[in-house]
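Side-chain atoms are counted along with the backbone in the values below, which use heavy atoms only and exclude waters and symmetry mates. Keep in mind it's a predicted model, so treat the numbers as computed, not measured.
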Amino acid sequence: MKTLGFLALLILAFQSLAASPIVFEQNDRVVFAGGTFVERMARFGYLETALTLALHDKKLTFRNLGWSADTVRGESRGYDKPQTGYANLLANLRKAEPTLLFLAYGAAESWEGDPAKFTTDYQRLLDDLKPLGARMVLVSPVLQENWGKPMPDPGKHNADLKAYADAIRKLAQKNTLPHLDLLGLVNPEVPKEKRLTMNSLQLNDAGHR
């Protein structure tokens with residue numbers, strides 16, 4: 001009974017975080033793409049497991065295409081030649097044949113401090129993915145925790161993360177796409193025993209849970 005209650009809350013949480021409803025359809029092939037946040041989801045497995053249990057009647061299948069430090073330009077995927085990264089990203093997504101595609105970008109790009117360029121590059125990616133016919137969801141990054149000295153103060157970086165999250169929100173509105181805002185999930189100022197990251201940036205086990 002407790003498990004069923006948790007799963008019901010999970011679905012409600014997904015809907016409350018999204019600006020517009022995220023619909024899971026029968027036999028959906030759910031694909032997650034993005035940087036380190038997505039890549040490490042595969043290590044912990046909480047989200048896929050929870051969604052499978054909560055929506056067992058939908059017969060969902062999942063594919064994780066996360067790649068450490070990847071960007072909307074596919075830069076980390078240029079494993080043969082750097083300039084081929086974007087083409088590799090598109091090829092990987094086409095091969096996965098998603099019907100529901102979660103795109104989680106902005107964390108790596110936020111260090112560049114140029115949300116306008118990010119918006120242009122992300123729009124290009126969205127346009128290039130339209131032929132897939134997949135329903136898409138845009139996911140914001142999470143904030144950086146403040147671990148104190150000798151770690152640097154994350155104030156400036158968190159301001160950049162918020163600017164990038166705002167750019168993602170506006171892109172979602174422009175393209176009429178659901179948007180998951182995860183900024184509020186990590187509180188930068190928390191006691192050490194309640195931290196949700198393993199290095200102030202990447203979620204730990206508790207964070208992914």
Side-chain angles (χ1 to χ4, degrees), residues 7 10-11 13-15 17-79 84-109 118 121-142 164-165 167-169 171-172 174-182 185 202-203 207-209:
L7 295 174
L10 170 74
I11 299 304
F14 246 62
Q15 298 302 342
L17 286 170
S20 57
I22 299 172
V23 179
F24 292 86
E25 297 181 355
Q26 193 73 26
N27 298 316
D28 256 338
R29 185 166 176 81
V30 183
V31 174
F32 301 102
T36 310
F37 166 61
V38 174
E39 182 186 55
R40 295 189 180 180
M41 282 171 51
R43 178 191 302 181
F44 297 99
Y46 291 122
L47 182 58
E48 292 183 19
T49 301
L51 288 174
T52 298
L53 292 172
L55 302 169
H56 61 89
D57 57 318
K58 298 292 186 181
K59 307 299 183 186
L60 305 177
T61 57
F62 298 92
R63 183 75 188 275
N64 186 311
L65 296 183
W67 199 290
S68 287
D70 201 32
T71 70
V72 290
R73 300 181 292 275
E75 292 164 301
S76 291
R77 299 172 193 264
Y79 35 78
T84 65
Y86 186 70
N88 290 336
L89 171 59
L90 294 179
N92 291 339
L93 288 169
R94 292 190 192 103
K95 188 175 180 179
E97 299 182 340
T99 59
L100 178 58
L101 176 59
F102 287 82
L103 297 169
Y105 287 102
E109 296 93 333
F118 170 71
D121 292 338
Y122 209 160
Q123 185 61 61
R124 177 183 68 153
L125 176 62
L126 295 177
D127 290 340
D128 288 341
L129 291 177
K130 286 178 182 178
L132 293 179
R135 305 180 323 276
M136 293 187 281
V137 180
L138 305 189
V139 184
S140 83
V142 300
Y164 276 72
I168 293 169
R169 177 184 59 80
L171 274 171
K174 176 183 176 181
N175 292 274
T176 319
L177 299 173
H179 164 237
L180 279 173
D181 183 358
L182 304 184
L185 294 186
Q202 303 304 330
L203 296 178
H208 277 278
R209 182 184 292 273

Between A96 and V31, the two heavy atoms sitting closest are CB-CG2, 4.0 Å
Check: H208 and R43 side chains under 4.5 Å, non-hydrogen atoms: no
Just by modelled atom types, is the H179 backbone N or O under 3.5 Å from a matching donor or acceptor in the R169 side chain? no
Flag, side chain of S68 to backbone of T36, donor-acceptor distance under 3.5 Å: no
Spacing of L65 atom CG and R77 atom CZ [to the nearest 0.5 Å]: 6.5 Å
Report the C-alpha separation of M41 and L203 in whole Å, then their side-chain angles, then the decisive distance to 0.1 Å, and conclude whether the side-chain contact (heavy atoms from CB on, under 4.5 Å) test is met. CA-CA 9 Å; M41 282 171 51; L203 296 178; over 6 Å; no
One should read off an interatomic distance between Q123 CD and D128 CG, to the nearest 0.5 angstrom, of 10.0 Å
Between S76 and D70, what is the shortest heavy-atom contact and its length? N-OD1, 3.2 Å
For D28, is there an ion pair with K59 - N to carboxylate O distance below 4.0 angstrom? no
Report yes if some heavy atom in the side chain of L100 is under 4.5 Å from a heavy atom in the side chain of V137; otherwise report no. yes
With the side chain counted from C-beta on, respond yes when T71 and F118 share a heavy-atom pair under 4.5 Å apart, and no when they do not. no
Test log, rule side-chain contact (heavy atoms from CB on, under 4.5 Å), inputs F37 and L182: CA-CA 12 Å; F37 166 61; L182 304 184; 4.0 Å; yes
Closest heavy-atom pair and its distance - P21, P178: O-CG, 3.6 Å
Rounded to the nearest 0.5 Å, what separates atom CG in L171 from atom OH in Y105? 14.0 Å
Main chain of E109, side chain of Y164: is a donor-acceptor contact present, judged purely on distance under 3.5 Å? yes
Looking only at atom types and distance, does a side-chain atom of W67 sit under 3.5 Å from a main-chain N or O of G35, one as donor and one as acceptor? no
L47 and F32, any side-chain heavy atoms less than 4.5 Å apart: yes
Of the non-hydrogen atoms in L132 and P98, which two are nearest, and what is the gap between them? CD1-CG, 4.2 Å
Run the side-chain hydrogen bond (donor to acceptor under 3.5 Å, both in side chains) test on R73 and Y86 for me, step by step, so that the C-alpha distance in whole Å, both residues' side-chain angles and the decisive distance to 0.1 Å come before the verdict. CA-CA 5 Å; R73 300 181 292 275; Y86 186 70; over 6 Å; no
Would you call D127-K130 a salt bridge at under 4.0 Å N-O? yes
In this structure, CG of D181 is separated from CD1 of I168 (nearest 0.5 Å) by 9.0 Å
Look up atom OG1 in T52 and atom NZ in K58, then write down how far apart they are to the nearest 0.5 Å. 13.5 Å
Please check this pair: side chain of T84 against backbone of G78, looking for a donor-acceptor N/O pair closer than 3.5 Å. no
Mark yes or no for whether D121, through its side chain, and V72, through its backbone, hold a donor-acceptor pair below 3.5 Å. no
Check the side chains of Q26 and D57 for a donor-acceptor pair under 3.5 angstrom, ignoring hydrogens and angles. no
Go through it in stages, so that I can follow the logic: the residues are L60 and F24, the test is side-chain contact (heavy atoms from CB on, under 4.5 Å), and I'd like the CA-CA distance, side-chain angles, deciding distance and then a yes or no. CA-CA 8 Å; L60 305 177; F24 292 86; 3.9 Å; yes
Where the side chain of T99 meets the backbone of A134, is there a donor-acceptor pair that is under 3.5 Å apart? no
Shortest non-hydrogen contact from M136 toward L103: SD-CD1, 4.1 Å
Donor-acceptor pair, R63 side chain versus V30 backbone, under 3.5 Å? no
Please answer whether the main-chain N or O of V38 pairs with a side-chain N or O of N64 as donor and acceptor at a distance below 3.5 Å. yes
